[in-house]
There are 2 protein chains.
Amino acid sequence: MHVRTLCLGALALGDASGYEIKKLFEDGVFSHFSEASFGSIYPALTKLTDDGLLTCQAHSQEGRPDKKVYSLTDLGRAAFQEALSQPIQADKYRSDFLFCLIFANQMPTLRVSEILDNKLKELKEEHNRIEAEGIVPNTPSSDLVKEFGAHVTLSMIEFLEENRLRIEALGCETGACLSTPCEAVG
Amino acid sequence: MHVRTLCLGALALGDASGYEIKKLFEDGVFSHFSEASFGSIYPALTKLTDDGLLTCQAHSQEGRPDKKVYSLTDLGRAAFQEALSQPIQADKYRSDFLFCLIFANQMPTLRVSEILDNKLKELKEEHNRIEAEGIVPNTPSSDLVKEFGAHVTLSMIEFLEENRLRIEALGCETGACLSTPCEAVG
DNA sequence: AGGGGTATATATAGGTCTGATATAGAATAT
DNA sequence: ATATTCTATATCAGACCTATATATACCCCT
């Protein structure tokens, strides 16, 4: 899904500036399953406005740059509806943590414990963020999506805690793996 | 994590061609938490070879293009060790499915059922793939990572099945949402 | 026998996106 | 007082994915 479509969706929740859209992806409703950078949001908004899918109204502010508030046009609303009716791309899950775990036999046990603790900490923070946050909008849809996120995050935490000993046992004994790297395959 | 590092990791499991590395990300050990395309793998292998982290031996084959088999050099092995000792980037989870669900109130109920069924089908296939496959290598590490994947996938399936009715209830009544789009926010 | 599909195998152009950086005043913290 | 964070927009280099090009072999169906 293109950043242009993500922006259309963000604006379907209400008018917003580029900065505010970015916050939706950083701390808001979209934060645990979607992302977009300034470098893609700003050009996307310009393009969408040029194509007549958005209108832009500059609110002049004291001291700060003009706040450009974007709104969906009827054309934009229709384009988003169209996007929602398209086939949905498969989810993508990227984990450098799991990638590194594959090579745990080349790490000192201490390092394995460290990355495991970091991952658990990260997951617990994420879980708290999802449950605690007073994210707007608070619709039945966003509640469900948040519950999904909390459920999955908790499931990861459970797995890692239940298998802590097995995971730590994957590491080499101190230092040994550096001098004689264990081959994973013959 | 750069594709170059991913390639180093793939080759730490044994010598391989670009095509074989791609398969590791498509069907192999890395498939459910990492990805890389030909368009990034081939340039990465060239760059790594130029930098002395890999050596390349061309195996001539009848009919097919030469198979270029890459191997880690000592420098490459060290570079990968170095990469494993770096701080690990946070996991990334992208889901167009969840993004679309936020807008379920703008979809006909039938469409909501459809995307839910598709997602469940996709998840069950993924779960079977992880459990069934005779992925090589079959190390304690890769077993653990596979179990993690199976556990999380199952947890998603459970959530969606338990909440099927609630999710379907998010949709609009037939067609109504197209003529008068429900505003998610005032 | 021939057409279509899949698998092997490398390579690149085009478009998209991230990450870093620049700018600049306000508010908050130390 | 000073430093950091927040608001707010913008751009560019580098990284990456998608689609395509090029070849050949093998299998299935008709």
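Throughout, protein chains are lettered first and strands after them, A, B, ... in sequence-line order, and every chain is numbered starting at 1.
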So, does A/T109 use its side chain to make a donor-acceptor pair with the main chain of A/C172 at under 3.5 Å?
yes

Going by the rule ring-ring contact (aromatic ring centres under 6.0 Å, His included), which residues pair with B/H127 if we only count those two or more places apart in sequence or in a different chain?
none

Between C/dA7, D/dA10, D/dT18, which nucleotide gets closest to the side-chain atoms of A/K92?
D/dT18

Quick one: does B/V3's side chain get under 4.5 Å of B/C7's, heavy atoms only?
yes

All N/O donor-acceptor pairs, side-chain side in residues 95-103 of chain B, below 3.5 Å, sequence neighbours left out:
residue, atom, partner, partner atom, Å
B/S95, OG, A/D91, OD1, 3.0
B/S95, OG, A/D91, OD2, 3.3
B/S95, OG, B/F97, N, 3.4
B/S95, OG, B/L98, N, 3.1
B/D96, OD2, A/M1, N, 3.3

Pairs: protein N or O with nucleotides 12-17 of chain C N or O, under 3.5 Å:
residue, atom, partner, partner atom, Å
C/dC17, OP1, A/V3, N, 3.0

Check ring-ring contact (aromatic ring centres under 6.0 Å, His included) between A/Y42 and all other residues, then give those that pass, not counting sequence neighbours.
A/F38

Which of these nucleotides, D/dT9, C/dG19, C/dA9, is closest to any side-chain atom of B/K67?
C/dA9

Rounded off to whole Å, could you give me the CD1-to-P distance for the B/I41 and C/dA11 pair?
12 Å

Assess the pair B/Y93 and A/F33: is the distance between their ring centroids shorter than 6.0 Å?
no

Stretch residues 46-55 of chain B: residues that reach within less than 4.0 Å of DNA chain D through a heavy atom
none

Quick check on C/dA9: is either OP1 or OP2 less than 4.0 Å from any side-chain nitrogen or oxygen of B/K23?
no

Which angle, to the nearest 10 degrees, lies between the helix axes at the two ends of the helix from C/dA1-D/dT30 to C/dT30-D/dA1, each defined by five pairs?
40°

Counting the atoms with a prime plus P, OP1 and OP2 as sugar-phosphate, which does A/K22 contact under 4.0 Å by heavy atoms, base, sugar-phosphate, or nothing?
nothing

B/S17 side-chain N/O to C/dT10 phosphate OP1/OP2 under 4.0 Å
yes

